[in-house]
Every structure is written in C-alpha cells, then in structure tokens.
Amino acid sequence: RPGAQQWVPPGSGLDGLRAAAPACHGCELWEPATQVVFSAGSATARVALVGEQPGDQEDRAGEPFVGPAGRLLDQALEAAGIARGDAYVTNAVKHFRFTQTAPGKRRIHQTPDRVHVEACKPWLVSELAVVDPEVVVCLGATAAKALLGPAFRVTKSRGQLFPRLVADQSDEAAVQAGWLMATIHPSAVLHAGTGTDDAEAARDAAFAGLVEDLKVAAAALA
Ligand code: URA
Ligand code: SF4
C-alpha cells in the first residue's frame, strides 16, 4: 500500500519520528531529493506552522524554511508577536519535488500533487499529535487542503479559526484539540505584484495580510 504509514513508528516522540523519516519510501519523491526535511522546533511549541514542501535550499540543508520564504516567515512571525521558541515549523510534504532539464541544471519547484500530500500525511498527523499545539497555521493551499479538506479555499477562508478535531483515545469520538487556521504562503508575499508597476506596494500589502492572519493565531493562544 502506498503512503508513509508503514514507516511511521507508532507511539513515538518527535525524536523517534525524526529518526525514522529518512527511511520513508511512501511515495516516489524520496528518490530524486537530497534528503528528507522533517521539521524544526520544540515538541512543546504552542503554534505549529505547516508549509508546503521543502524548497531547493531546504533540500540541501535538511531544515525547513531556511531559504527566502523562511526569512520572510521569520519577519512575519516577529511582526505578529509569535516567538520563534513558541513555533514548530514543518511541511505537508517532506521531500522536495522538482523538475530539472539536465543534471547540474537549476532545480525548479513543482507543487506536490494530492497523492503526495495524502501519502505524506501520516507524518504530519503523527507530529501534530505529539506536539499538540494550541494553534496549527496552514501556510498556503497545499497545507490547508491537507488539514482542512480539498474543498478549502485560502482566499475565501484565510484568517478564520476552525476547531482542530482529533479522535478521543477512549471512545474515538472527535474532540477539539485547539485551533486550525490558514493563511497565504510566505512565498506568495515574495512573488506578489511581480511584473507590475508597483510590486513593492503589492508585496507590502501581502506581507501585512500575512501578519494580520498570524496575529489571529497569536490571539488564540491561551
Ligand atoms: N516553502 C515551504 O513550504 N516549506 C519550506 O520549508 C520552504 C519553503
Ligand atoms: Fe515519504 Fe513524504 Fe517523502 Fe513521500 S514525500 S517519500 S511520503 S516522507
């Protein structure tokens, strides 16, 4: 059966999950990638931020959000008053998906398909179960669809808090475990207004919108 489930050690803490992830062959994305990029941040973080997938720099470094989108995210978190130590940062898909015309040529980001997101979801579900954050913020459509359903539209429902439901250990009824929300991906801020006369104003507006949404997450912290 395809998917990551058989590689996810049951009942593991974050260290156990992180140690097991490099062996995952739950979909074909492991093969051309340099390495798995699992997550960064502490198991006691109160906010989890879920991106799409590692980019070129993250694939080389083995760490999420260390490239341009990561620097933008750090600025937005700071502006929203979310401390780095309060944030757990991960991705919906743990391997970099890219196209490359020839070896040594630039690797071009390719959005993961729904099959990759579904295949990789057991990692995301397991890490969120361990961290059990008060708020999970989906950065962009890929993460939002993974956790809020394929019909979710970021443009329509960004910045809104939804209950995060998990199965209760004892009776399997759904119980609320904090909040879920979605906002734009930090790379959407970097690309806002590209090719227009006032790209800087478009970027500033997109950044302000991201910060405003992150402030909703910050305000939801107990
Ligand atoms: N974009 C993402 O979605 N995740 C990363 O880790 C880096 C860039
Ligand atoms: Fe496994 Fe996810 Fe990597 Fe696919 S992308 S091989 S499911 S870790």
Side-chain angles (χ1 to χ4, degrees), residues 1-10 12 14 16-41 45 47-77 84 87-99 106-128 130 136-148 154 158 181-192 206-207 210 213-214:
R1 198 163 67 82
Q5 195 66 61
Q6 69 188 99
W7 284 277
V8 178
S12 271
L14 215 42
L17 294 172
R18 192 170 276 133
C24 185
H25 289 185
C27 73
E28 80 283 6
L29 296 183
W30 67 272
E31 198 164 8
T34 308
Q35 59 190 319
V36 75
V37 177
F38 196 73
S39 68
V47 185
L49 299 148
V50 185
E52 180 195 74
Q53 63 171 355
D56 179 79
Q57 294 192 35
E58 289 79 15
D59 169 83
R60 297 176 200 277
E63 292 277 325
F65 283 108
V66 293
R71 282 190 289 279
L72 192 292
L73 178 61
D74 287 346
Q75 290 167 10
L77 287 172
R84 213 53 178 85
Y88 177 82
V89 180
T90 192
N91 282 301
V93 170
K94 301 305 195 246
H95 278 103
F96 178 37
R97 185 180 193 219
F98 61 93
T99 52
R106 201 166 77 85
R107 303 185 300 172
I108 298 164
H109 165 276
Q110 237 192 325
T111 303
D113 289 336
R114 193 163 162 203
V115 345
H116 306 115
V117 175
E118 287 304 317
C120 214
K121 199 167 159 180
W123 292 114
L124 184 59
V125 168
S126 299
E127 63 191 321
L128 292 180
V130 171
V136 176
V137 181
C138 300
L139 301 169
T142 298
K145 285 170 193 290
L147 293 175
L148 286 153
V154 171
R158 62 182 290 186
M181 66 162 270
T183 184
I184 57 169
H185 193 284
S187 67
V189 177
L190 296 173
H191 297 138
F207 182 79
L210 173 60
D213 290 346
L214 290 173

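When a ligand or atom number is given, it counts from 1 through the structure's own listing order.
For atom 4 (N) of ligand 1, the nearest non-hydrogen atom of the protein is N91 OD1, 2.7 Å. Nearest protein heavy-atom neighbour of atom 1 (Fe) of ligand 2: C24 SG, 2.3 Å. The protein heavy atom nearest to atom 2 (C) of ligand 1 is Q53 O, 3.0 Å.
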Set out, in order, the CA-CA distance, both residues' side-chain angles and the distance that settles side chain to side chain contact (heavy atoms under 4.5 Å, CB included) for D56 and F96, then state yes or no. CA-CA 7 Å; D56 179 79; F96 178 37; 4.0 Å; yes

List the steps, then state whether side chain to side chain contact (heavy atoms under 4.5 Å, CB included) holds for H116 with E28. CA-CA 8 Å; H116 306 115; E28 80 283 6; 2.8 Å; yes

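Here the two rings, on H25 and W30, have centers that are under 6.0 Å apart.
For the pair R18 and F38, the NZ or CZ position fails the cation-pi test of under 6.0 Å to the six-membered ring centre and within 45 degrees of the ring normal.
Against a heavy-atom cut-off of under 4.0 Å, P64 is close to the following atoms of ligand 1: 6 (O). Interface atoms of ligand 2 facing G26, defined by a heavy-atom separation under 4.0 Å, are 1 (Fe), 6 (S), 7 (S). Close approach of ligand 2 to W123 is summarised as follows: ligand atoms under 4.0 Å from at least one heavy atom of the residue are 8 (S). Counting the atoms of ligand 2 from 1 in the order shown, those under 4.0 Å from a heavy atom of C120 are 2 (Fe), 5 (S), 7 (S), 8 (S). Listed by atom number, the atoms of ligand 1 under 4.0 Å from G51 heavy atoms are 3 (O). Residue contact check: V93 has heavy atoms under 4.0 Å from atoms 5 (S) of ligand 2.
A pairwise comparison of heavy atoms in F65 and P186 identifies CE2-CG, 4.0 Å as the closest pair.
Here's the thing with F65: one of its N/O atoms is less than 3.5 angstrom from an N/O atom of ligand 1.
Atom 4 (Fe) of ligand 2 has an N, O or S atom of C27 inside 2.8 Å of it.
Residues C27 and V115 fail the side-chain proximity criterion, which asks for heavy atoms closer than 4.5 Å.
Only side-chain heavy atoms of E58 come within less than 4.0 Å of ligand 1; its backbone N, CA, C and O stay farther off.
Of all N/O/S atoms in H95, ND1 sits nearest atom 3 (Fe) of ligand 2.
Interatomic distance, L17 CG to W7 CH2, rounded to the nearest 0.5 Å: 15.5 Å.
No hydrogens or angles considered: nothing links the side chains of T111 and R97 as a donor-acceptor pair under 3.5 Å. For the residue pair H95/Q35, the side-chain donor-acceptor check at 3.5 Å is not satisfied. No side-chain donor from either of Q53 and T142 sits under 3.5 Å from a side-chain acceptor of the other.
Ligand 2 has at least one atom lying under 4.0 Å from a heavy atom of A119. For the ligand labelled ligand 1, residue H185 lies inside the 4.0 Å heavy-atom shell.
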